[in-house]
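To keep things clear, I will list the structure first and then write my remarks on it.
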Amino acid sequence: MKNPQISENIPYDRVRAVQWENDRLSLIDQRRLPGRTEMVALGHLPECIDAIRDMVVRGAPAIGITAAYAVVLAARDRYRTDPAGWRSALFSDLELLAAARPTAVNLRWAVERMRCVVESAIGADPVALLLAEARRIHAEDIAANHRMGTLGMALIEPGSGVLTHCNTGALATGGYGTALGVVRAGFAAGRIGPVYADETRPWLQGARLTAWELVQENIPVTLIVEGAAAQLMKEGRIRWVIVGADRIAANGDTANKIGTYGLAVSARYHGVKFMVVAPTSSVDMTITDGGGIPIESRDPAEVLNCSGTRTAAEGAQAWNPAFDVTPATLIDAIVTEKGVVEAPSAAKMRALADS
Ligand code: MRU
């Protein structure tokens, strides 16, 4: 299987952030967007762990896919160094990799899929088998996004305004995107009218990445500061808030970029619908509810500075949780590639997992 190609038949699907090229992993450096579109080529596991931690690549599914290719690189190095004992060294590598970012469950999910291949590759050079699995994970993610785009946009009344948060597009996935995949499909079908993106402080995924992606696709986008979201809803400009997920617990509680919970509270108050779009690789049935989801705490410097320049008063401190949890009761629909769960509950999530 080759790198998942961009299909001519699917409109608004031109961006790929993760590629396997010339026996290395190639990533768009998302820290540099939108100013510069720079690719970085990674040949070894430690570089991949740094790239995930430092957010060269980010977004739950993209982190998982990156991890899958990182296992290929790690296995290649370990097998070359020690063809007899490579497996036990690789198992330690997998633990380090899985710990690179704590909230997005896709990372652990992808590492476990790769671990199964490592365990079955007894006595053989594992690299070809692992590369085939990484490519499968990548291709499956894009296919899931196309499917979720179709399912999600079918819930939206024609011409609706929508607000999205963070970046959930091609940059955050194997391609096309989750919530932004619904925006792409809905815009192509005329179901989505005005698209609003919020800046997504402090890392500005909305202003820098979502706006960049939509501009690449010629989909008009209007940026707002997060503080404008409630007013946007009050003025009746949007009918749906559409977001992604880093981890969905067994009862439908959903961890996503900080600020998502506030949008859900505001949406319910204003009668705006709230949609979570995520592949089943983001669902963690081992966690009963959102209280058990580990929330990444990032460097306060991200809040105190903007683009490397100190903006906060000297002496001030900052609290910087990267994610929050939206209770299932505030979610109107969870859209996955396996189907739509309306008004999610533990029973409905169990039925989805078993389907
Ligand atoms: O810190 P980030 O940029 O990795 O956070 C990303 C998000 O919160 C996304 O909404 C989520 O991962 C879904 S991406 C399809």
Side-chain angles (χ1 to χ4, degrees), residues 15-18 27-31 33 51-67 100-110 138 141-142 144-149 152 163-184 197-213 226 241-248 254-264 274-284 290 293-299 302-303 320-326 331 334-337:
V15 179
R16 292 288 180 271
V18 182
L27 302 173
I28 294 183
D29 188 341
Q30 298 190 31
R31 299 167 307 177
L33 287 172
I52 292 171
R53 197 178 294 124
D54 298 343
M55 298 186 44
V56 172
V57 60
R58 29 66 50 204
I63 292 170
I65 293 160
T66 298
R101 287 193 77 189
T103 304
V105 74
N106 309 61
L107 174 56
R108 170 67 65 181
W109 171 89
H138 193 171
D141 185 67
I142 296 172
N145 292 338
H146 290 153
R147 177 86 189 121
M148 291 188 292
L163 169 65
T164 190
H165 184 56
C166 194
N167 172 265
T168 61
L171 293 168
T173 63
Y176 200 67
T178 57
L180 215 59
V182 171
V183 169
R184 284 181 156 97
D198 61 25
E199 287 181 310
T200 318
R201 280 283 292 154
W203 215 73
L204 300 176
Q205 287 94 332
R208 297 192 306 104
L209 308 179
T210 298
W212 179 83
E213 259 195 71
E226 266 113 310
V241 175
I242 312 178
V243 300
D246 283 80
R247 192 183 301 227
I248 301 175
T254 295
N256 191 51
K257 178 53 55 191
I258 191 75
T260 304
Y261 172 43
L263 291 177
F274 194 87
M275 186 191 303
V276 172
V277 188
T280 48
S281 54
S282 302
V283 177
D284 185 350
I293 299 177
I295 299 295
E296 177 181 8
S297 187
R298 291 188 65 86
D299 189 345
E302 290 180 349
V303 175
N320 188 16
F323 302 97
D324 57 26
V325 175
T326 299
I331 299 171
I334 295 179
V335 176
T336 76
E337 80 284 8

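No hydrogens, no waters, no symmetry mates; every other heavy atom, side chains included, goes into these values. When a ligand or atom number is given, it counts from 1 through the structure's own listing order.
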Inset, instruction - For atom 14 (S) of ligand 1, find the nearest protein heavy atom and state the residue, atom name and distance (0.1 Å precision). - result: A172 CB, 3.6 Å
Inset, instruction - Give the contacting part of H165 toward ligand 1: side chain, backbone, both or neither, where contact means a heavy-atom distance below 4.0 Å. - result: neither
Legend entry - contact_flag P61 ligand 1 heavy-atom lt 4.0 Å: yes
Legend entry - atom 5 (O) of ligand 1 - nearest protein heavy atom and its distance: K257 CE, 3.3 Å
Legend entry - Distance, nearest 0.5 Å, that separates CD of Q205 from CH2 of W212: 15.0 Å
Inset, instruction - Among E302, R298, E296, find the one that has a side chain to side chain donor-acceptor pair (under 3.5 Å) with N320. - result: E302
Inset, instruction - Please verify whether a non-hydrogen atom of E296 lies at under 4.0 Å from ligand 1. - result: no
Inset, instruction - If you have a sec, work out which protein heavy atom is nearest atom 9 (C) of ligand 1 and how many Å separate them, to one decimal? - result: N256 OD1, 3.4 Å
Inset, instruction - Check whether any N or O atom of T178, backbone or side chain, sits under 3.5 Å from an N or O atom of ligand 1, and answer yes or no. - result: no
Legend entry - Residue portion contacting ligand 1 (non-hydrogen atoms closer than 4.0 Å) for Q205: side chain
Legend entry - Under 3.5 Å side-chain donor-acceptor pair for T200 and E226: no
Legend entry - Numbered atoms and elements of ligand 1 in range of T173, under 4.0 angstrom, heavy atoms: 15 (C)
Inset, instruction - Return yes or no for this condition: an N or O of G244 is under 3.5 Å from an N or O of ligand 1. - result: no
Legend entry - T168-ligand 1 polar pair, N/O distance under 3.5 Å: no
Inset, instruction - Starting at CD1 of I65, measure out to CG of D141 and round the result to the nearest 0.5 Å. - result: 4.0 Å
Inset, instruction - Spell out, as yes or no, whether a donor-acceptor pair under 3.5 Å connects the side chain of T164 to the backbone of I242. - result: yes
Legend entry - Side chains of W109 and V283 in contact at under 4.5 Å (non-hydrogen atoms): no
Legend entry - NE2 on H165 to OG1 on T260, rounded to 0.5 Å: 4.0 Å
Inset, instruction - Would you tell me whether T254 and N256 have side-chain atoms, one donor and one acceptor, within less than 3.5 Å of each other? - result: no
Inset, instruction - Please write down residue, atom name and distance for the protein heavy atom closest to atom 4 (O) of ligand 1. - result: R101 NH1, 2.8 Å
Legend entry - Basic-acidic side-chain contact under 4.0 Å: E213, R184: yes
Inset, instruction - Compare V277, T260, D246, V57 and give the one whose heavy atom is closest to atom 7 (C) of ligand 1. - result: D246
Inset, instruction - Mind checking side chain to side chain contact (heavy atoms under 4.5 Å, CB included) for A60 and listing every partner two or more places apart, or none if nothing turns up? - result: A104, N106, D246
Inset, instruction - Please work out whether any backbone atom (N, CA, C, O) or any side-chain heavy atom from C-beta onward of A60 is under 4.0 Å from ligand 1, and answer side chain, backbone, both or neither. - result: both
Legend entry - Side chains of R247 and S282 in contact at under 4.5 Å (non-hydrogen atoms): no
Inset, instruction - Examine ligand 1 and decide if any of its atoms is less than 4.0 Å from a heavy atom belonging to A245. - result: yes
Legend entry - contact_flag W203 ligand 1 heavy-atom lt 4.0 Å: no
Legend entry - Ligand-side contact atoms (ligand 1) for residue partner M55, heavy atom cut-off under 4.0 Å: 1 (O), 3 (O)
